[in-house]
Amino acid sequence: MPSGCPCVSLDASCVSASHSSASVTQSYSLTQAHKPTIMATVAEPNAIVDWPDRYAHIDQILENAGPRTDPAFAAGDEVKGFLRTQAKVLVIGAGGLGCEILANLALTGFKDIHVIDMDTIDVSNLNRQFLFRPKDVGKSKANCAAEFIMKRVPGVVVTPYFGKIQDKDEDYYMQFNLVICGLDSVEARRWMSATLVNMVDPENPESLKPLIDGGTEGFKGQARVILPTITSCYECSLDMLNKQTVFPICTIANTPRLPEHCIEWASVLEWPRIQADKKLDTDDPDHINWLYTKALARAKEFKIEGVTWSLTQGVVKHIIPAIASTNAIIAAACCNEAFKIATTSAAFLNNYFMLIGTEGIYSYTFEHEKRPDCPVCGGEALEMTISADLTLEELIELLQEKQDIQIKKPSLSTADTQLYLQAPPQLEAATRPNLLKKVSELVKGDAAITVTSSTLPFNLTLRIVYN
Amino acid sequence: MIKIWSMKKNEDAAAKKKPKVSAAQIRVQKDLTELDLPSTMTTNFPDPADLLNFTLNIKPDEGMYKGGSFNFSFTINNNYPHDPPKVKCLQTIYHPNVDLEGNVCLNILREDWKPVLNLNSVMVGLQYLFLEPNADDPLNKEAALEMTKNRDQFLQNVKSSMRGGSLKGQQYDNVLR
C-alpha cells in the first residue's frame, strides 16, 4: 500500500480547485516545501482550498496516537497528507447508500473519489437520494452525484462513470486504495468481490484492495470489511442472504389469495404466454402497465383487493421499501471503516456488522469466517512443473497420483475452455480428443486450470510451469 | 493506509492467483461432472462449450408416463446457485404439474430453492413428477381434477395425450419413442 510520503505538509494552499485528480496531486507535491501548517490562502479567485480549521475535528483524531491506534499510525502530517492527497477511493453505487457514502467521504477529507452507477434518476429516488433534484430526473446518478459533491465540498474531485462495473477491467480497479459498495444487487456484489479476490497477486502487495460492503433492506442493514483472500469474501456468505419472497407457481396459477399472487401470475405466466419472446423490461412503464391491467382483471375474477400500479412495479422489481435513515446508519458505518483503514487511526471492523431495526433496535458484530470450499476465495492452489511435451491425459494421471490432494476423476477447465470433463457422457466425448493433446498447446501462457472432483469438497486451482 | 500485506504474509492459506472463472461456472462444472443420473435421464448440450444451456431427456421406466420421452430445457444464469436454474418442458404434455406453456411446478425450482441444492436434485425432482404426479399442486387444473376424481379416465387421458391425441380440443405432442 502506498504510505503517506514523508514530511507531507497539509499546506495545500496552492492547490487550485481544479476538477482533475492529477492536477491536485501534482500541484500538491509542488507545495511540499512550504511550512507545515494549515493555511488558508486563496491562490486565485474561485479557487477554494482548505481554510483554517477546515478539518479541526477530524484532525483531533489524526494528530495524536491513541491507545487503540495501530503501531504504524503516523500521527500528524503524514497521515493527513495521505488521506487528503493520495488516497483514492472507489464508490460503487450512487443510490440510497451511495449518496450518503459520497457525502460522508467528501466531508471526512477524502479528496479523490470515483463513483460508478449504471442507473438514471427516478422521481421516486428524490426523497432520500439527496444529491439529486427534480431537474435531474432521467439523468445519470453517477454524473449528478459527482457534480453535486464537487460544487458543495470545495477541493474534492469526484470522477463519475455512468455504466456498469463489468465494463471496467483490473487495470481500472488497481488504481484505488479501497472500494466501497453501496449496491442493491447480489449479482453485482458477487462480481465485485470475485474481481477483487482474483486481482490479488502474491507478487504485488498493491493488488490487495480492501472492500467495504454496505447493504440495506428496509430497517435492516449490514456493513462489512472484506480483505480479499484474507478474510471471508462476499461469496463465502452467500448462504446468509435473506430469501426473496417467492410464491409456489401452482398457487399463482390456480389459487391466488393475495394481490401479489395476481401480479406474479401476470409477470411469470401471462407475459411469456402472450408476449412470447419479448423480454419483460421492468423499467418500461408500458410493460408495467400491461402487467397491472392483467393482474387487476385477475384480482377481480378472484375477488382480491389491493392490486395497484405501484404494487405491481414493486412486486416485479422486487422493491423493498428503502428507509433513508437505515441508509444513513449503514453508510456512516462504511465510511468510518474507510477512514480507519485509510488512516490506521483506530481498529477497523472485523468483519461483519449487522443492524436489525425491525423489532426495536439490535445490532451484532461478529467475525464471519472464510468458507474453505468457497468457489471464489477458497479452494487450494497447486503449482506443477511439467514438460512442455506432457499430454493432458498424462497430467491427469500425475494429478491422481498426488498423495497430498487425493483427487479421483478430476475435471479440468480454464476460464475459456473445457479441457476434460468426466461427465456427462456427451461432454466427456466432446472433450476426450484433448486428452492426447499437449497441455502446452491447450493452456496458453500462465492461465490457471480449475480442477473439480467429487472427492474435493472445493475446487483446486492448478498452475502449470513448463521446465 | 493499513498494512494488509503483512497480515497476508502470516496467513498459511494465502491463495495463489485464481483463474478468471466465475463462481457460477465452477459450480456448474462441479454439478455436471458429478451428476449421478439413472439410465432414464440423459443430458444434451447443443453447444458442448456452453455448460449453462442444455436439455434433459427423461424416459420414465415405470408409472403412468412409462414409454414417453420428455425434454426439458435448462437455462442457468451467472447468479447460480443463488438463483435456481430455469427449467421448461419443451413439449405440450398432459400432466397435473406442467402447464401447456411448459412451466413446471416443482417446489425446489422456485420457493424452496437453496444454493445447497444442485442440478442433480432438480433432475431427480423432475423425474419424480412423472412417477408421482401431485394433484395437490396443480398447474394443469383439469388434469389434476381428473386425477383425483376419476383416476381411470385420467390414466386414459395420459395414454392418449402421449400418443399425440387431443383432449377437449387441446392437441398434445406425441412423446412416444
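Letters A, B, ... mirror the listed sequences (proteins, then strands); counts begin at 1.
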Can you tell me which portion of [X] sits under 4.5 Å from chain B's heavy atoms? Options are side chain, backbone, both or neither.
X	value
Arg190(A)	side chain
Leu421(A)	both
Thr417(A)	neither
Leu460(A)	neither
Gln418(A)	side chain
Ser453(A)	backbone

On a heavy-atom basis, the closest approach of Ser411(A) and Thr33(B) is OG-CG2, 3.1 Å

Nearest heavy-atom neighbours spanning Pro48(B) and Leu427(A)
O-CD2, 3.6 Å

Contact class of [X] relative to chain A, heavy atoms under 4.5 angstrom:
X	answer
Val104(B)	backbone
Asn78(B)	both
Arg27(B)	neither
Asn107(B)	neither

Point-to-point distance, once rounded to the nearest 0.5 Å, from [atom1] of [X] to [atom2] of [Y]:
X	Y	atom1	atom2	result
Asn134(B)	Cys250(A)	CG	SG	7.5 Å
Asn79(B)	Glu187(A)	CG	CD	4.5 Å
Gln426(A)	Thr42(B)	CD	OG1	9.5 Å
Thr461(A)	Ile26(B)	OG1	CD1	6.5 Å

Donor on one side chain, acceptor on other, Thr452(A) and Gln29(B), under 3.5 Å:
yes

Please report the C-alpha distance between Lys409(A) and Glu34(B) in whole Å, then the side-chain angles of each, then the deciding distance to 0.1 Å, and finally whether the salt bridge (Lys or Arg N to Asp or Glu O under 4.0 Å) criterion is met.
CA-CA 10 Å; Lys409(A) 298 183 87 181; Glu34(B) 290 165 29; over 6 Å; no

I'd like to check [X] versus [Y] (side-chain heavy atoms, cut-off strictly below 4.5 Å). Are they in contact?
X	Y	answer
Leu238(A)	Pro115(B)	no
Glu111(B)	Pro248(A)	yes
Asp99(B)	Ile249(A)	no
Leu32(B)	Pro424(A)	yes

Most heavy-atom pairs under 4.5 angstrom with chain B, which of [options]?
options	value
Leu241(A), Thr195(A), Leu462(A), Thr431(A)	Leu241(A)
Thr343(A), Asp70(A), Leu83(A), Val186(A)	Val186(A)
Ala342(A), Ala430(A), Ala253(A)	Ala342(A)

Under a 4.5 Å heavy-atom cutoff, which of Leu37(B), Leu51(B), Leu35(B) has the most pairs with chain A?
Leu51(B)

Ranked by heavy-atom pairs below 4.5 Å to chain A, first place among Ala144(B), Gly102(B), Ala49(B), Pro81(B) goes to Ala49(B)

Should we count CD of Gln153(B) as having more than 12 external heavy atoms under 6.0 Å?
yes

Is it the case that more than 12 heavy atoms not belonging to Glu142(B) sit under 6.0 Å from its CD atom?
no

When you measure from the side chain of Glu101(B) to the backbone N and O of Pro272(A), does any donor-acceptor pair fall under 3.5 Å?
no

Between Arg110(B) (side chain only) and Val246(A) (backbone N and O only), is there a donor and an acceptor less than 3.5 Å apart?
no

